[in-house]
Protein chains: 2
Amino acid sequence: MKAGLRLTGPRIAIYRIVTGEGVHPSAEEVYQMLSDEMPSLSRDTVYRTLGTFEEAGLVRKFPDGDGVFRYDGKMRFHHHFTCSRCRTIFDVGEDETGAVPVPETLRSRGTIESVRLEFRGVCLSCQTRGGKMTKERTINSGEI
Amino acid sequence: MKAGLRLTGPRIAIYRIVTGEGVHPSAEEVYQMLSDEMPSLSRDTVYRTLGTFEEAGLVRKFPDGDGVFRYDGKMRFHHHFTCSRCRTIFDVGEDETGAVPVPETLRSRGTIESVRLEFRGVCLSCQTRGGKMTKERTINSGEI
DNA sequence: GTAAGTGCAAATGATTTGCACAGCG
DNA sequence: CGCTGTGCAAATCATTTGCACTTAC
């Protein structure tokens with residue numbers, strides 16, 4: 001693979017999934033997607049492998065709004081747009097947003113190394129079909 | 001209080017803490033801060049009360065970078081600057097950053113309702129004294 | 001052959017839930 | 001007094017870890 005990691009069946013399969021276009025799966029989701037074609041694969045291996053990938057700098061780990069960690073195989077710096085209904089996460093390139101200026105007032109509080117944008121709203125497909133509304137989420141819940 | 005919530009000892013104490021200036025405590029931290037003056041207070045009540053506050057729109061709940069939920073009693077819209085060493089979260093007012101423009105290209109993917117900025121870097125006190133470095137965090141860990 | 005990788009099962013940590021009692025309005 | 005809020009204990013969920021076996025290099 002790279003970074004001196006051993007090339008094994010589970011790793012190849014997991015790497016393929018997590019680096020797919022526009023996906024941001026949780027460890028559990030990766031496990032579910034693979035359990036059919038690799039019945040012997042254990043959940044633990046998925047967790048451990050994703051952790052290994054993160055340390056190797058192959059993927060980025062981040063907590064989604066529901067307190068679950070998700071993995072992002074797109075390593076070029078970018079932002080996210082999360083649909084508040086279906087919870088899908090869309091990539092937003094830095095070329096779309098432009099570089100975000102760091103306010104002068106922050107200089108006095110530390111050294112800023114990166115600024116990430118978190119867009120919230122309703123995605124196109126949720127707008128079109130009334131919006132499927134995931135889990136116990138309600139429209140008038142405090143947060144957006 | 002407001003929102004038709006009963007005024008009880010635990011609620012008053014928890015409300016006072018979570019709306020303190022510049023704090024972003026987790027449920028566990030709120031519990032720790034109160035367990036001395038209120039030995040009978042149970043962790044469950046803290047969790048449940050914070051959940052009630054969130055539903056009532058009194059506080060905002062968000063996952064920190066380590067997969068723990070934190071609560072923010074400052075309801076005026078603002079952003080956060082997280083120190084990657086000590087993990088402290090600082091508020092950044094919208095007056096400091098200005099309104100963030102939504103890229104044209106996002107229009108075709110949905111309706112944006114809010115944009116939140118997540119600043120990452122090293123806070124002043126961590127820069128000054130070598131940087132205390134929380135938990136097993138290391139400097140060269142992949143993420144910033 | 002050997003250290004790294006994996007599966008299994010148990011441990012941990014954060015958060016939620018069921019139930020009976022307590023106390024605010 | 002009635003219903004909401006609380007404490008206690010057990011349950012659940014996501015994630016981690018110890019150990020022994022397997023395998024890539």
Side-chain angles (χ1 to χ4, degrees), chain A residues 1-15 18 24-56 58-71 87 134-137 141, chain B residues 1-15 17-18 24-56 58-71 87 134-137 141 143:
Chain A
M1 197 168 290
K2 341 180 180 182
L5 294 183
R6 279 196 192 172
L7 207 52
T8 68
R11 287 191 175 171
I12 295 174
I14 295 171
Y15 185 78
V18 80
H24 310 81
S26 64
E28 177 65 26
E29 284 169 358
V30 171
Y31 173 69
Q32 293 300 337
M33 287 187 263
L34 287 175
S35 49
D36 280 329
E37 49 178 294
M38 297 185 80
S40 72
L41 178 69
S42 78
R43 212 179 306 261
D44 326 69
T45 296
V46 175
Y47 275 99
R48 235 178 307 221
T49 300
L50 287 171
T52 303
F53 284 175
E54 193 211 351
E55 283 172 33
L58 296 174
V59 303
R60 188 166 72 91
K61 182 185 188 182
F62 65 96
D64 74 1
D66 296 316
V68 176
F69 284 116
R70 296 191 164 275
Y71 293 85
R87 309 256 122 191
T134 309
K135 285 188 271 186
E136 71 296 327
R137 282 280 149 194
S141 122
Chain B
M1 199 168 288
K2 340 182 181 182
L5 294 183
R6 278 198 192 170
L7 207 52
T8 68
R11 287 189 175 173
I12 296 174
I14 295 171
Y15 186 76
I17 286 189
V18 80
H24 310 81
S26 64
E28 177 66 25
E29 284 170 0
V30 171
Y31 173 69
Q32 294 300 336
M33 287 187 263
L34 287 176
S35 50
D36 281 330
E37 49 178 293
M38 298 186 80
S40 71
L41 178 68
S42 77
R43 212 179 306 259
D44 325 70
T45 296
V46 176
Y47 275 99
R48 234 177 310 221
T49 301
L50 287 171
T52 304
F53 285 175
E54 193 211 350
E55 282 171 34
L58 296 174
V59 303
R60 187 166 73 91
K61 181 186 188 181
F62 65 97
D64 74 359
D66 296 316
V68 177
F69 283 117
R70 297 192 163 275
Y71 294 86
R87 308 257 122 190
T134 310
K135 284 188 268 185
E136 71 296 326
R137 282 282 148 194
S141 121
E143 63 171 339

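Lettering follows sequence order; numbering is per chain, from 1.
A pairwise comparison of heavy atoms in Thr45(A) and Ile14(A) identifies O-CD1, 4.4 Å as the closest pair. Residues Met38(A) and Gly9(A) share a closest heavy-atom pair of CE-C, 3.9 Å. Contact record, Asp64(A) with Pro63(B): O-CG, 3.1 Å, taken as the closest heavy-atom pair.
Taking every side-chain heavy atom of Tyr47(A) into account, dT15(D) is the closest of dT15(D), dG7(C), dC25(D). Among dA24(D), dC8(C), dC8(D), the nucleotide with an atom closest to any side-chain atom of Ser42(B) is dC8(D). In this structure, the nucleotide among dG5(D), dG7(C), dT15(D) sitting nearest to the side chain of Val68(A) is dT15(D). With distances taken from any side-chain atom of Thr45(B) to the nucleotides dG7(D), dG7(C), dT16(D), the minimum falls on dG7(D). Of the candidate nucleotides dT16(C), dC25(D), dG5(C), dC25(D) has the atom nearest to the side chain of Leu7(A).
Because its NZ or CZ atom is not both nearer than 6.0 Å to the ring centre of Tyr47(B) and within 45° of the ring axis, Arg43(B) does not count as a cation-pi partner of that residue.
Using a 4.0 Å heavy-atom criterion, one finds that Thr49(B) contacts the sugar-phosphate atoms exclusively. Nucleic acid contact class of Ser26(B) (heavy atoms, under 4.0 Å, all strands): none.
Arg48(A) contributes a side-chain N or O that forms a donor-acceptor pair with the base of dG18(D) under 3.5 Å.
Contact check, Thr8(B) against dT6(D): a side-chain N or O comes under 4.0 Å of OP1 or OP2. Contact check, Arg11(A) against dG5(C): a side-chain N or O comes under 4.0 Å of OP1 or OP2.
Distance CD (Glu29(B)) to P (dT15(C)): 10 Å, rounded to an integer number of Å. The nearest whole Å value for the distance from the CD atom in Gln32(A) to the C1' atom in dC13(D) is 14 Å. Taking atom CZ of Arg43(A) as the reference point, atom P of dT12(C) lies 20 Å away to the nearest angstrom. Nucleotide dT6(C) holds its P atom 11 Å from the CG atom of Leu50(A), rounded to whole Å. Distance Leu5(A) CG to dA3(C) P: 18 Å, rounded to the nearest Å. Rounded to an integer number of Å, the gap from Asp64(A) CG to dA14(D) P is 11 Å. In this structure, Asp66(A) atom CG and dA14(C) atom P are separated by 18 Å, rounded to whole Å. Rounded to whole Å, the distance from CZ on Arg6(A) to C1' on dA3(C) is 6 Å.
The shortest distance between side-chain heavy atoms of Tyr71(A) and Val30(A) does not fall below 4.5 Å.
Residue-to-nucleotide proximity on DNA chain C shows that, of Gly9(B) and Phe69(B), the 5′-proximal contact is made by Phe69(B). Across the interface with DNA chain D, nearest-nucleotide mapping of Pro10(B) and Asp44(B) shows Pro10(B) to be the residue nearer the 5′ end.
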